Amino acid sequence: MKSCATGGDKPGPEQMKKLEKIISKIPEDNVLYENADSIKALGDPTRLKIIYLLKYGELCVCEIFTAMDKPQPTISHHLNILKKAGFLKWRKEGVWVHYSLSNPKIVDIVNELLKNK
C-alpha cells in the first residue's frame, strides 16, 4: 500500500490543501444523486432506442410504440421516465402526445460517452 507524503496513513498539510480545493469543485451530494438518476434513465435499451428514434424529430406516442413493437403502456412508462429525467419535451394534440428531445444533441453526447468504452 502506498503511503501518503507524510509517511503515515493520512495526507500531509499540502496534500490536504490540494484535496480540499478539489472537493470544493465537486457538486453537492444531492446534485450527484439527481444526476445519477438522470443517467440511469438512459441505462435501459428501450429508453435508449426511444432517444435514438427521436433524434430524427418529433414523434407521436402511437408512432413510437409502433416503431418499438411494444405495447402502448410499456412505451408510456419509458417515456415518463425520460420526461422526468428532463430528456424529452412533449405536447398534447387531441388524445395523443407528441415527444421530442429536449436537447437535440443528446444522441451525440451519448455516442461520445460510449465511444471510448
Side-chain angles (χ1 to χ4, degrees):
M1 181 170 126
K2 183 179 175 186
S3 62
C4 286
T6 61
D9 291 337
K10 294 187 178 186
E14 286 301 312
Q15 288 172 301
M16 285 303 295
K17 284 182 187 175
K18 179 182 172 186
L19 188 57
E20 287 168 1
K21 188 175 182 178
I22 292 168
I23 291 170
S24 72
K25 296 177 182 181
I26 296 173
E28 297 291 326
D29 284 351
N30 62 325
V31 173
L32 292 172
Y33 282 109
E34 289 173 17
N35 291 346
D37 285 342
S38 293
I39 292 169
K40 282 184 214 175
L42 296 174
D44 179 272
T46 300
R47 292 191 286 270
L48 267 180
K49 190 171 183 180
I50 291 169
I51 293 292
Y52 281 102
L53 279 171
L54 293 174
K55 174 184 181 176
Y56 300 99
E58 181 183 86
L59 292 173
C60 174
V61 70
C62 67
E63 294 170 304
I64 297 169
F65 70 72
T66 300
M68 301 286 293
D69 196 28
K70 293 188 185 270
Q72 182 268 328
T74 301
I75 296 304
S76 289
H77 167 74
H78 289 290
L79 289 166
N80 279 326
I81 290 170
L82 290 168
K83 193 166 66 171
K84 285 180 185 176
F87 294 117
L88 301 182
K89 296 186 298 186
W90 61 279
R91 66 179 182 83
K92 193 162 173 106
E93 188 175 298
V95 296
W96 295 106
V97 179
H98 296 257
Y99 289 92
S100 61
L101 297 175
S102 59
N103 178 348
K105 295 183 181 183
I106 188 67
V107 174
D108 296 333
I109 294 166
V110 168
N111 288 337
E112 185 64 28
L113 280 171
L114 299 175
K115 185 168 76 171
N116 296 317
K117 63 176 183 167

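Fair warning: this is a prediction, and the values are worked out from it, not measured in the lab. Only heavy atoms go into these numbers, but all of them, side chains included; no hydrogens, no water, no symmetry mates.
The neighbour count for Y52 OH, taken as heavy atoms of other residues, nucleotides or ligands under 6.0 Å away, is above 12. Other residues, nucleotides and ligands contribute only 12 or fewer heavy atoms inside 6.0 Å of the NZ atom of K70. Crowding of D69 atom CG: a count of heavy atoms from other residues, nucleotides or ligands under 6.0 Å not exceeding 12.
Across all non-hydrogen atoms, the minimal contact from L82 to A41 is CD2-O, 3.8 Å. A pairwise comparison of heavy atoms in S38 and A85 identifies OG-O, 3.6 Å as the closest pair. Among all heavy-atom pairs drawn from P27 and L32, the shortest one is O-CD1, 3.6 Å.
Atom NZ of K55 and atom CG of D108 lie 5.5 Å apart (nearest 0.5 Å). Separating the CD1 atom in I50 from the OH atom in Y99 is a distance of 9.0 Å, to the nearest 0.5 Å. Taking OG1 of T66 as the start and CG of L59 as the end, the distance is 10.5 Å to the nearest 0.5 Å. Between atom NE2 of residue H98 and atom NZ of residue K92 there is a gap of 10.0 Å, rounded to the nearest 0.5 Å. Atom CG of L48 sits about 7.5 Å away from atom CG of L114, to the nearest 0.5 Å. To the nearest 0.5 angstrom, I64 atom CD1 is 12.0 Å from H78 atom NE2.
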query = Step by step, would you call M68 with L53 a side-chain contact (heavy atoms from CB on, under 4.5 Å)?
reply = CA-CA 9 Å; M68 301 286 293; L53 279 171; 3.6 Å; yes
key: Trace of the side-chain contact (heavy atoms from CB on, under 4.5 Å) decision for N103 with I109   = CA-CA 10 Å; N103 178 348; I109 294 166; 4.2 Å; yes
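Both L54 and F65 sit in one connected hydrophobic cluster of ILVMFWY residues. Membership requires side-chain heavy atoms under 4.5 Å apart, directly or through other members. Linking ILVMFWY residues whenever their side-chain heavy atoms come closer than 4.5 Å, directly or via other members, places L79 and V95 in the same cluster. Under a hydrophobic clustering in which Ile, Leu, Val, Met, Phe, Trp and Tyr are joined whenever their side-chain heavy atoms come within less than 4.5 Å, directly or via other members, Y56 and F87 fall into different clusters. Placement of L88 and I106 within a single hydrophobic cluster is found when ILVMFWY residues are connected by side-chain heavy-atom separations under 4.5 Å, directly or transitively.
Between K17 and E20, no side-chain nitrogen of the basic residue sits less than 4.0 Å from a carboxylate oxygen of the acidic one, so the salt-bridge criterion is not met.
The side-chain heavy atoms of T46 and I75, taken from C-beta on, include a pair separated by under 4.5 Å. Side-chain atoms of V107 and L101, non-hydrogen and from C-beta on, do get closer than 4.5 Å to each other.
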